[in-house]
Amino acid sequence: LQWVRPPSLPSHTYVLPLESTNVANTSCKYVVIDTGSNLTSVPKDDYFAFLLAARSHQAITFTIQGHTFHFPPSLYRWTNGSLLFQGDSPLKHTIVLGSFFLRTSRMYLDPAGCRWDMV
């Protein structure tokens, strides 16, 4: 996967373009992977759409540069069922994926970008 540098986002963030998601009516265009956070943040305006998807207990999918990643409810819920995402992303049109999404994934970083695969 290749990083992009959208002019509307801070230059210190590593951003991947979001081609699509199965979450209806979202305006999200980018994904930031933040291994230092346990929660995932979605923009306030998109939180309700993600909440509806989570309530149906469906896998949430993200397509990035032709690769579709599936995240089942076990990756976005605590064991007691509460959600591991909030509507507080500080970056417009951007989902910040916290480390809980990476529990069954590996991410390899190098100066050219990253490679992300499911374990």
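Note that the numbering runs from 1 along the sequence shown for the chain.
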Give the minimum heavy-atom separation between E19 and G66, together with the two atoms involved. OE2-N, 3.1 Å
Just how far is it from atom NE2 of H70 to atom OG1 of T63, taken to the nearest 0.5 Å? 7.5 Å
In short, Y30 meets P6 closest at the heavy-atom pair CE2-CG, 3.4 Å
In a check of side chain to side chain contact (heavy atoms under 4.5 Å, CB included) between Q86 and each of D88, L83, L84, which one passes? D88
Separation of T21 OG1 from I60 CD1 (nearest 0.5 Å): 7.0 Å
Tightest non-hydrogen contact, residues P43 and S89, listed as N-CB, 3.6 Å
CG on D45 to CG on N25, rounded to 0.5 Å: 12.5 Å
Between Q2 and P17, which heavy-atom pair has the shortest distance, and what is it? O-CD, 4.0 Å
Gap between atom CG of D46 and atom OG1 of T94 - 0.5 Å precision: 10.0 Å
So F62 and T68, side chain to side chain contact (heavy atoms under 4.5 Å, CB included) or not? Walk me through it. CA-CA 6 Å; F62 299 106; T68 300; over 6 Å; no
Straight-line distance of L97 CG to F69 CZ, nearest 0.5 Å: 10.0 Å
Is the side chain of R77 donor-acceptor paired with the backbone N or O of H57 at a distance under 3.5 Å, no angle test? no
How long is the straight-line distance from NZ of K29 back to CG of L91, given to the nearest 0.5 Å? 13.5 Å
Contact check, side chains of T40 and F50, non-hydrogen atoms, under 4.5 Å: no
